[in-house]
**Student:** 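Here it is, the structure, as structure tokens.
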Amino acid sequence: MASPQAGPVAFKDVFPEGHDAPLVDPLPEAGHVGVDVEALPDNPTHGLRLYQGTWVPENWVGGMAQIQSGGLAARPGDVVLASPPKCGTTWLKALAFATMARAAHPPGAADHPLLRHSPHECVPFMEGFFGAGWGNKLDALPSPRLVSTHMPYSVLPDCIKRNLGCKIVCGLNVALCPKNSTTVSFSDVFELTCEGKSTCGPIWEHILGYWNAKAPTKTLVLFLRYGEMLQDTVSNVRKLAQFLRQPFSSAKEESGTAKAIVKLCSFDGLSGLEVNKTGNVGFRVRLLRQSFFRKGGAGDWANHMTPEMACRLDSVMRDKLHGLGLHFA
Ligand SMILES: Nc1ncnc2c1ncn2[C@@H]1O[C@H](COP(=O)(O)OS(=O)(=O)O)[C@@H](OP(=O)(O)O)[C@H]1O
């Protein structure tokens with residue numbers, strides 16, 4: 001079992017060249033991929049393309065294709081955070097990083113990386129890295145690596161799916177309450193979301209892919225649900241630590257360290273930091289705070305959506321995920 005003392009991830013390993021890396025648009029021209037990419041004609045502003053059955057921003061396609069074509073050599077200890085966009089990725093990144101790196105970076109430390117760097121800097125976004133030509137940086141990271149992706153299971157490379165020790169943590173907000181985050185953050189694309197044309201959608205396919213992968217494959221998949229995490233974050237961090245094979249060693253560690261991790265990664269804690277308001281996430285994002293820390297919590301959808309819209313989206317999700325045993329909040 002990997003011990004936290006083995007020095008799993010540490011900030012310096014993620015960005016070896018430090019925080020001063022220039023802003024790089026991770027999205028080079030996708031056109032060079034050529035195959036299997038169709039324009040989404042009625043949504044030109046969002047620039048989504050259909051890539052292998054998934055709607056993705058044009059500038060992620062190149063990175064995805066590189067990962068699929070052998071760019072990434074998965075290793076047994078790799079941990080992949082796989083969540084649809086706007087479903088709690090930032091929080092999941094912070095919690096997983098703080099948990100895995102707790103030996104190198106105790107969560108209460110005054111110089112903890114998450115106080116100086118965005119969670120998106122601490123956990124590299126795979127397709128963005130490859131798209132920006134930084135794939136070799138992931139190669140250089142020591143095991144166990146912690147990376148993130150918005151790719152659905154169907155698009156993930158086989159080396160991750162078949163690697164006995166690879167672990168996937170899937171953040172699930174939408175399965176319980178799709179109207180909460182995705183469509184609020186992207187409220188102008190409500191209709192398209194209902195049709196499945198949302199970033200890395202159809203969103204139900206994203207959920208189904210990882211959900212169905214749990215049983216038959218050897219890949220280890222853990223689902224964490226945003227709503228449940230809001231209700232009892234400490235228990236979910238305990239579950240996460242166990243899944244990562246870095247369980248808290250004692251009740252004392254659990255009550256101290258786990259609670260410190262939760263505090264460090266809380267919405268109020270992270271969103272108030274200067275780095276998360278104006279900082280550099282390693283790639284170009286306009287309106288940083290609005291993108292990753294808009295409101296937090298559950299239920300804000302009611303301020304952005306009519307009851308009819310909410311009902312429609314619930315009904316679409318219920319219909320698509322029928323029989324999975326996933327309940328709606
Ligand atoms: N620490 C913490 N705790 C609880 N909730 C948090 C946290 N950090 C981010 N968020 C909320 O997550 C929403 C953004 O989703 P993502 O992080 O998945 O966005 S992204 O895909 O990485 O762009 C977005 O939700 P909304 O505010 O409803 O838009 C964020 O507020």
Side-chain angles (χ1 to χ4, degrees), residues 26-27 46 48 55-57 59-60 81-99 107 112 114-115 117-129 147-152 169-190 193 198-201 203 206-207 224-234 236-237 240 260-273 275-277 279 281-305 310 329:
L27 305 176
H46 292 278
L48 295 182
W55 293 100
V56 290
N59 51 4
W60 293 0
L81 306 180
S83 51
K86 301 297 162 207
C87 293
T89 314
T90 309
W91 193 15
L92 190 56
K93 282 186 175 190
L95 290 171
F97 178 84
T99 301
H112 194 283
L114 283 167
L115 298 175
H117 303 284
S118 151
H120 294 281
E121 280 186 291
C122 296
V123 182
F125 174 51
M126 284 201 296
E127 45 272 39
F129 259 56
V147 295
S148 82
T149 185
H150 286 320
M151 287 188 273
V169 183
C170 194
L172 253 196
N173 182 10
V174 286
L176 297 180
C177 194
K179 56 194 182 304
N180 183 45
S181 190
T182 304
T183 41
V184 168
S185 292
F186 298 134
S187 57
D188 49 340
V189 295
F190 175 80
T193 300
S198 58
T199 306
C200 293
I203 192 116
H206 202 292
I207 296 163
L224 293 178
R225 302 172 194 201
Y226 187 81
E228 290 174 5
M229 286 167 69
L230 284 176
Q231 274 169 10
D232 185 353
T233 318
V234 171
N236 280 278
V237 168
L240 178 64
I261 289 172
V262 169
K263 186 168 171 224
L264 173 69
C265 302
S266 70
F267 181 86
D268 289 344
L270 291 180
S271 64
L273 295 171
V275 66
N276 290 323
K277 291 184 198 164
V281 292
F283 47 87
R284 203 188 299 274
V285 175
R286 267 179 263 134
L287 299 174
L288 201 63
R289 178 154 180 183
Q290 183 69 12
S291 290
F292 301 123
F293 300 98
R294 194 190 56 85
K295 187 98 176 180
D300 187 52
W301 59 268
N303 296 319
H304 298 262
M305 211 176 273

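First listed ligand is number 1; within each ligand, the first listed atom is number 1. For the single chain, residues carry numbers from 1 onward in sequence order.
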**Student:** Please examine the side chains of T199 and W60, heavy atoms only from C-beta on, and report whether any two atoms are closer than 4.5 Å.
**Tutor:** yes
**Student:** So is C265 polar-close to ligand 1, meaning N/O to N/O under 3.5 Å?
**Tutor:** yes
**Student:** Could you tell me whether the side chain of S271 reaches within less than 4.5 Å of the side chain of N276, counting heavy atoms only?
**Tutor:**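 No; the side chains remain at least 4.5 Å from each other.
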**Student:** Which bit of Y226 gets closer than 4.0 Å to ligand 1, counting heavy atoms only: side chain, backbone, both or neither?
**Tutor:**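 Y226 to ligand 1: side-chain contact only, backbone stays beyond 4.0 Å.
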**Student:** Kindly confirm or rule out an N or O of C87 lying under 3.5 angstrom from an N or O of ligand 1.
**Tutor:**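 For ligand 1, there is an N or O atom that lies under 3.5 Å from one belonging to C87.
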**Student:** Should the pair W91 and Y226 be assigned to parallel (<30°), tilted (30 to 60°) or perpendicular (>60°) ring geometry?
**Tutor:** perpendicular
**Student:** Below 4.0 Å from any atom of ligand 1, is there a heavy atom belonging to H150?
**Tutor:** yes
**Student:** Just wondering, do F97 and E121 contact through their side chains at under 4.5 Å, heavy atoms?
**Tutor:** no
**Student:** Minimum heavy-atom separation for P84 to I203, with atom names?
**Tutor:**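 That closest heavy-atom pairing would be CB-CD1, 3.8 Å.
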**Student:** Can you tell me how far apart CG (L273) and CG (L114) are? Round to the nearest 0.5 Å.
**Tutor:**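 That separation rounds to 8.5 Å.
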**Student:** May I ask you to list the atoms of ligand 1 that are less than 4.0 angstrom from any heavy atom of F267?
**Tutor:** 1 (N), 2 (C), 3 (N), 6 (C), 7 (C), 31 (O)
**Student:** Using a 4.0 Å heavy-atom cut-off, say whether S266 meets ligand 1 through its side chain, its backbone, both or neither.
**Tutor:**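 It is the backbone that gets close, since no side chain atom is under 4.0 Å.
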**Student:** State the atoms of ligand 1, each with its element, that fall below the 4.0 Å cut-off from a heavy-atom position in P85.
**Tutor:**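 Answer, ordered by atom number: 21 (O).
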**Student:** Kindly confirm or rule out an N or O of G88 lying under 3.5 angstrom from an N or O of ligand 1.
**Tutor:** yes
**Student:** Mind checking whether H120 has a heavy atom under 4.0 Å from ligand 1?
**Tutor:** yes
**Student:** Any side-chain heavy-atom pair from I261 and L95 closer than 4.5 angstrom?
**Tutor:** yes
